[in-house]
Amino acid sequence: MFLAFGYQPGFGPLAVAYAAANIASAIPITPGGLGVVEVTLVAITVGFGAPRATAVLAVLGYRVVNYWLPLPPGALAYLRLRLNAHSADKA
Amino acid sequence: MRWIVRGVLFVALAAGVFGLLPRLGGLTRDAAGLRHARPALVAAAIVAQAVSLGCYALLYRRVLASLGARLRFRLAAGVTLASFLVSHVTPFGSATGTLLNVSTLEAEGIAALTTGEAIGLTSLVSAAALIALFAAGLAATAGPHISQSYLMIAGIAFALVASAAAIALLVGAHPGIAERAGRRVARLI
């Protein structure tokens, strides 16, 4: 997503930011690390020299793809599992 | 009546987390800039996300198979996606996701303990990959002139990595913990 906004971060900073943010999201403060991941990623990438505005956009874009987009297919899968369980209970 | 109350609570929580918080955080204005992203690279990111979820489902299926529990890929993918939903929209989502996994796979004839163990091992593999990535990142960024802020960031990140590794190892060694914690939290919610 950084590349999509015209900035190429180095492998090292991106690896550290990505790993730290994903590990931080495991702490159950908010659902799916909402807010925690965004703050961690922006803080670390800016700390390593990325422009703040680009970092915010890239992280928001990343979270749209990584957090929001899988939710509708997830809802469909959830409904399908519930319906299957319901029909199995009836039978 | 119970389902109506739960439904109302769920909608209120979703509206609060996904509607109100971004407005309060001023992200709505920033989000307008997303239109300037290069479409081809955004498409590549979407494909990478789909592949990532598919690989996770495949890993979960393989771990279950190694424990003697066979599962169709379609069901493994369905459970992975449904767990993604509940773990991303409910508080203590990992525990709720565990419960969803356990109850779904129990209906398929897979014991709760096996599912708990598979979830623990899958998390362990995932955490190990993150730790390897983190270590590679640290090695790539560490140089002769290390600043104070770099050391602080690395220290915080290292503490997070160590905590996650400890939790993953604990769950991997005692898979029943994941199952019991899931059931307990689900009762509270």
Side-chain angles (χ1 to χ4, degrees), chain A residues 1-6 10-24 26-35 38 40 43-44 47-48 53-54 56-82 84-85 88-89, chain B residues 13 17-18 21 25 27 30-31 33-34 36-42 44-46 48-50 53 77-95 100 103-104 107 127 130-131 133-134 136-142 149-150 153-154 156-157 160-161 163-164 167:
Chain A
M1 287 309 294
F2 271 99
L3 286 177
F5 290 99
F11 165 76
L14 209 55
V16 169
Y18 178 82
N22 273 279
I23 289 161
I27 302 163
I29 303 168
T30 56
L34 195 70
E38 287 82 350
T40 312
I44 296 179
F48 277 117
T54 310
V56 169
L57 278 178
V59 169
L60 280 180
Y62 163 68
R63 289 297 272 172
V64 166
V65 172
N66 168 262
Y67 187 103
W68 296 82
L69 280 186
L71 291 183
L76 285 177
Y78 180 79
L79 284 174
R80 199 182 165 141
L81 288 178
R82 298 297 293 187
N84 283 350
D89 282 349
Chain B
L13 181 75
V17 170
F18 303 126
L21 281 182
L27 292 179
D30 287 327
L34 290 174
H36 304 299
R38 285 159 66 182
L41 290 171
V42 174
I46 293 169
Q49 176 64 21
L53 282 170
V79 171
T80 302
L81 276 173
S83 300
F84 184 95
L85 173 80
V86 295
S87 67
H88 283 65
V89 297
T90 57
F92 300 102
S94 307
L100 177 75
S103 59
T104 305
L130 277 177
I131 290 164
L133 185 68
F134 181 72
L138 273 188
T141 50
S149 57
Y150 178 88
I153 291 169
I156 294 169
L160 289 171
V161 168
S163 312
I167 293 166

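Computed from a predicted structure; not experimentally measured.
Contact of Ser87(B) with chain A is made through the backbone alone, with heavy-atom distances under 4.5 Å. Looking at Leu81(A), only its side chain comes within 4.5 Å of chain B, counting heavy atoms on both sides. Looking at Ala136(B), both its backbone and its side chain come within 4.5 Å of chain A, counting heavy atoms on both sides.
Of the inter-residue distances, the one linking Gln49(B) atom CD with Tyr62(A) atom OH reads 7.0 Å to the nearest 0.5 angstrom. Expressed to the nearest 0.5 Å, how far CG of Leu41(B) lies from CZ of Phe2(A) amounts to 13.5 Å.
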Legend entry - Pair Tyr18(A)-Leu130(B), side chain to side chain contact (heavy atoms under 4.5 Å, CB included): steps then yes or no: CA-CA 8 Å; Tyr18(A) 178 82; Leu130(B) 277 177; 4.0 Å; yes
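In terms of non-hydrogen atom pairs under 4.5 Å with chain B, the most contact-rich of Leu14(A), Asn66(A), Leu3(A) is Asn66(A). Across Pro73(A), Pro70(A), Ala77(A), the residue that shares the most heavy-atom pairs under 4.5 angstrom with chain B is Pro70(A).
Minimum heavy-atom separation, Ala140(B) to Gly12(A): CB-CA, 3.8 Å.
Residues Leu133(B) and Phe11(A) form a side-chain contact, since some pair of their non-hydrogen atoms from C-beta on lies under 4.5 Å apart. When side chains are defined from C-beta on, Leu71(A) counts as touching Phe84(B), because their heavy atoms get closer than 4.5 Å.
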